[in-house]
Each structure stands twice: as C-alpha cells, then as structure tokens.
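Heads up, the thing below is written out as structure tokens.
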Protein chains: 2
Amino acid sequence: MTTETSGREQGLAERAYLNLRTAILEHELAPGTRLSVPNVAERLGVSRSPAREAIARITYEGLAHFEPNKGAVVADLNAESLVEIYEVREALEGLACRLASQRMNRDDVAGLRELLSQHTAAAEAGEVELHYELDMRFHARIRELAGNTRLTTQLELLQQQIRLAMYTTHRSPGGMPLALTEHRRIIDALESGDPVLAEAAGRSHIARLLRDLSSADRAG
Amino acid sequence: MTTETSGREQGLAERAYLNLRTAILEHELAPGTRLSVPNVAERLGVSRSPAREAIARITYEGLAHFEPNKGAVVADLNAESLVEIYEVREALEGLACRLASQRMNRDDVAGLRELLSQHTAAAEAGEVELHYELDMRFHARIRELAGNTRLTTQLELLQQQIRLAMYTTHRSPGGMPLALTEHRRIIDALESGDPVLAEAAGRSHIARLLRDLSSADRAG
DNA sequence: ATGGGGTAGATTACATGTAACTTAAGTGGA
DNA sequence: TCCACTTAAGTTACATGTAATCTACCCCAT
C-alpha cells in the first residue's frame with residue numbers, strides 16, 4: 001500500500017512544473033514577468049531545486065526565454081514569432097493528417113464525426129469556451145491517430161505556445177463556422193484514405209488561421 | 001578586460017552539456033548506457049548540479065530517455081523511432097525549402113552551388129567523412145536561409161538524434177551520388193523561386209533516405 | 001540638471017548535505 | 001534447491017549554503 005499524505009504521487013519538480021505552466025498559460029504570470037528561482041520557489045511552496053528544474057523545463061518548452069546570469073522571463077511572443085510557429089504547425093498538422101489517413105479505421109472516422117457534431121452544437125449555441133475546448137480535442141485526436149510520438153510532442157508544444165500568445169487575442173468568433181467546415185473537410189479527406197488530400201486539408205486549415213492572424217494584426 | 005584562466009567563458013553546466021553531448025554522439029557513451037548524476041559529474045570534473053542540468057538537457061533533446069526515480073539512459077533508437085524522426089524531418093525539410101525559395105537571392109543560390117561542387121569533389125575522391133560533413137552543411141545552410149528559428153532548432157535536434165542512431169549504420173556509400181543529384185534538384189527548385197517545387201524537392205530527398213533506411217533494415 | 005561611480009540587495013550558478021527509494025546480492029528457512 | 005526476506009550499496013530527489021554576478025538606486029562632482 002502506498003502511504004501518502006494527500007493525493008500526490010509524482011515528484012515535487014513535476015508538480016512545480018505543472019503549476020508554473022498553468023500560472024503562465026492563464027496569464028497569472030503574464031508575458032514579460034521575470035521568473036526568479038527564489039520567487040517561483042516561494043510561490044509554489046517548494047525549495048529552490050525543484051523550482052529551478054521547473055523553470056528550466058518551461059524554458060525548454062518555449063514558454064519562457066532565458067539569458068545566462070539573468071534568468072528566465074515569460075515568453076512574450078510577437079507577431080513574427082507567431083508566424084514562425086504557424087509555419088511549423090502547418091507542416092506538422094499536414095503530416096498528422098497524412099499519417100492519420102493511412103492508419104485510421106471506420107470507427108476512428110465515426111469518432112471524429114461525433115466530435116464534430118458536438119463542436120457544431122457548441123458553436124451554434126455560441127459557447128465560445130466549449131468551442132475552443134472541442135477544437136483542441138479535434139486536433140489532439142488527429143495527432144493521436146497519426147501514431148507518431150515525436151510529432152505529437154511537437155504539436156503539443158506549439159499548441160501551448162499559441163495558447164500563451166493568444167490569451168487575449170484569440171477570441172475571434174467570426175472564425176468559428178469556418179473552422180467547422182474546414183474540420184468537416186479534414187474528416188472527409190481522412191475518410192477517403194488519400195494521404196495527399198488529407199495532408200492538403202490539414203495544411204490549408206492551419207494556413208488559413210495564419211492568414212487570419214496576419215490580417216487581424218494589420219487591422220489591430 | 002575579462003579575467004579568465006583559460007579559454008572558457010560559458011558556465012560549467014553549458015560546458016558539461018557540450019562534453020556530454022559529444023561523448024554520446026561519438027558513442028563514447030553508447031546507447032543504453034546509464035547516465036547517473038555522480039558518475040557524469042566525476043567524468044566531466046564538475047559537481048552534481050551542473051551534471052544534473054546537463055543530463056536534463058540531453059534528455060529534453062531526445063539523446064537520452066528518462067524514468068522518474070531511475071535516471072537517464074542514452075537513447076537507443078530503434079527502427080520505429082527512426083521512421084518517426086524521418087517522417088517529421090521530411091515535413092520540416094520540405095518547409096525549410098519552401099521558405100528558403102521565397103527568401104533567398106542570387107548570391108545565396110551561388111553559395112549553395114559552390115557547396116555542391118565541393119561536395120561533388122569530395123564524393124568523387126571517395127572522402128566519406130567529408131561527404132557527410134558537406135551534406136550536413138548543405139542542409140544547415142538551407143534551414144538558415146529559411147529564416148525560421150523554431151524550424152532551425154527542430155531540424156538540428158532531429159539531425160542530432162539521427163546522427164546518434166546512425167553512428168555505425170549510416171555509412172552506405174551507395175547513396176552518395178544519389179544525394180548529389182537530389183541536392184542539385186533542390187538547388188534548381190530553390191532557384192526557380194517556386195515554393196511548391198522547392199518543397200517537393202526537399203521532401204522527396206528525405207523521403208528517399210527513409211525508404212533506403214527501411215530497405216537496409218529489411219536487408220540487415 | 002546630468003552623468004559617473006560606488007554600493008546594497010537580489011539573484012544566478014555552483015557545491016554539498018541528506019532522506020527516501022531502487023536494485024541486487026546475500027542469508028536463512030522450507 | 002528454491003523462494004522469501006533482509007540488507008547494503010548506489011542513486012535520485014530535494015534542501016540548503018555560498019561566492020560571483022547583476023541591477024538599480026543613490027550620491028556626488030561637474
């Protein structure tokens with residue numbers, strides 16, 4: 001029997017990392033905030049060792065920048081960085097769709113359609129939060145179906161960075177219906193089993209998001 | 001004036017990381033070797049703190065695997081992992097070529113052609129080591145020209161992992177002439193300025209490497 | 001007012017102490 | 001002989017001490 005005081009099982013560093021990441025993704029620690037080791041340690045109620053480790057991990061994941069003898073600062077991703085991120089994401093989501101199209105079966109397709117119908121309902125009900133949730137679930141499911149662990153990891157890291165960058169920006173409800181039709185196109189392409197078509201569908205979805213981003217940037 | 005005892009300027013952790021990485025890439029620490037903190041610390045002549053940090057970084061970069069309460073082990077990449085890596089690399093090298101085709105100028109093209117001619121000379125002289133060196137330089141130059149820092153970072157990490165995995169395997173001199181014609185095709189595509197063509201050229205080069213890998217795997 | 005230089009406080013980077021855990025070898029009993 | 005248990009060595013994970021470095025503020029001379 002595992003004797004534990006409360007519901008924790010992983011190490012302190014791991015929990016510190018998770019807490020720190022959450023704090024950053026929710027802008028509790030806004031971009032530009034300095035992540036000093038003693039500060040983070042106190043905030044998370046751990047000693048400096050796991051705090052330092054958590055900060056290092058956050059940095060490796062691109063949620064903070066680091067300068068030797070200076071420390072880490074929560075990443076403040078500018079438009080140029082977002083373009084870079086989306087360029088990479090376009091290529092990788094395309095790959096995910098290509099691989100998924102070759103590996104998934106009828107049930108997998110049905111599962112995606114079910115997700116899409118929930119998503120449609122949420123969009124029609126104007127539930128923006130749920131919309132984002134289901135949008136992410138859709139993409140998460142596809143990369144899972146692609147069955148390439150490295151690809152999955154990279155896409156998740158990009159997703160995190162985007163989430164951080166978009167914290168205030170990303171609520172442009174105008175894109176919701178478009179996303180839905182694009183998702184439908186992706187499912188259709190996946191179902192066809194044609195990897196080229198699937199890749200194109202996945203890529204054009206992300207490419208469109210990047211274009212919207214650029215135009216919003218010009219407008220703002 | 002910077003008062004330094006010898007030619008080092010970065011921190012101990014950085015140097016420890018570089019030394020450890022070199023040791024791993026040269027199979028001085030072969031795949032499967034356990035990287036215990038005290039052991040690595042002694043080997044590199046530093047205390048446990050920078051050693052631990054170096055091991056963590058190696059792990060994040062995919063050159064070692066990690067299990068909580070167990071420690072890190074030098075990555076032993078099997079055929080399946082290599083396929084994953086090459087799948088991602090194909091997509092990203094394609095992107096690199098696409099971006100480079102849109103951003104590079106005549107001088108850049110000339111520079112690549114110069115590299116290729118050196119490469120051709122090395123191949124004809126049968127200088128295998130130089131061949132690999134120049135092959136890497138070629139790809140490095142293209143990602144540099146692509147001008148996307150995240151893309152560059154990812155490709156470099158993949159390159160490292162491939163180098164580790166291929167330490168013994170990768171000397172298949174039969175591929176040398178093929179690589180040269182493919183590189184020429186890539187340069188031609190880049191020069192044309194057509195991003196679709198450039199991407200296709202870059203991708204098919206990597207896709208071919210993956211196919212060779214699979215067939216060598218079957219044969220071996 | 002302004003710029004230079006010193007100084008105090010905070011922080012990083014590294015070193016080291018130590019409890020808990022993992023592993024495997026040894027020991028004794030069935 | 002074989003298995004359960006103990007135990008010892010090695011290691012991880014975390015805590016903490018400390019010198020060197022950085023930062024920002026203040027003071028003073030111009």
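This one's a predicted model, so the numbers in the text were calculated from it and none came from an experiment.
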*asked:* Parallel, tilted or perpendicular, judged at 30° and 60°: which one describes the rings of B:His183 and B:Phe138?
replied: parallel
Side-chain donor-acceptor contacts of residues 73-84 of chain A below 3.5 Å, not counting sequence neighbours, with atom names and distances?
unit_1  : atom_1 : unit_2   : atom_2 : d
A:Asn78 : OD1    : A:Glu80  : N      : 3.3
A:Asn78 : OD1    : A:Ser81  : N      : 2.8
A:Asn78 : OD1    : A:Ser81  : OG     : 3.0
A:Glu84 : OE1    : B:Thr149 : N      : 3.2
A:Glu84 : OE1    : B:Thr149 : OG1    : 2.7
A:Glu84 : OE1    : B:Arg150 : N      : 3.3
A:Glu84 : OE1    : B:Arg150 : NH1    : 3.2
A:Glu84 : OE2    : B:Thr149 : N      : 3.2
A:Glu84 : OE2    : B:Thr149 : OG1    : 3.4

*Rounded distance in Å - CG (A:Leu35) to P (C:dA13)*: 13 Å
*Could you tell me whether B:Arg103 and B:Glu144 make a salt bridge, using a distance below 4.0 angstrom between a side-chain N and a carboxylate O?*
no
_Can you work out whether B:Ser49 or A:Gly71 has the more 5'-proximal nearest nucleotide on DNA chain C?_
A:Gly71
*More 5' along DNA chain D: A:Glu14 or A:Lys70, using each one's nearest nucleotide?*
A:Glu14
*Take atom CG of A:Asn69 and atom C1' of C:dT11, then tell me their distance rounded to the nearest Å.*
10 Å
*If you measure from the Lys or Arg side-chain nitrogens to the Asp or Glu carboxylate oxygens, is any gap between B:Arg141 and B:Glu114 under 4.0 Å?*
no
_Short side-chain to backbone donor-acceptor contact, B:Arg57 and A:Tyr60, under 3.5 Å_ = no
*To the nearest Å, how far apart are A:Glu42 CD and C:dT11 C1'?*
14 Å
_Give the residues of residues 52-67 of chain B touching DNA chain C, defined as any heavy atom closer than 4.0 Å, sorted by residue number._
none
*Between A:Glu156 and A:Arg21, does at least one N-O distance fall below 4.0 Å, as a salt bridge requires?*
no
*Okay, side chain of A:Asn19, backbone of A:Ala16: is any donor-acceptor separation there less than 3.5 Å?*
no
*Is a salt bridge present between A:Arg52 and B:Glu53, judged by a nitrogen-to-oxygen distance below 4.0 Å?*
yes
_For chain A, the stretch of DNA chain D it reaches, first to last nucleotide, under 4.0 Å of its heavy atoms_ = D:dC14 to D:dT23
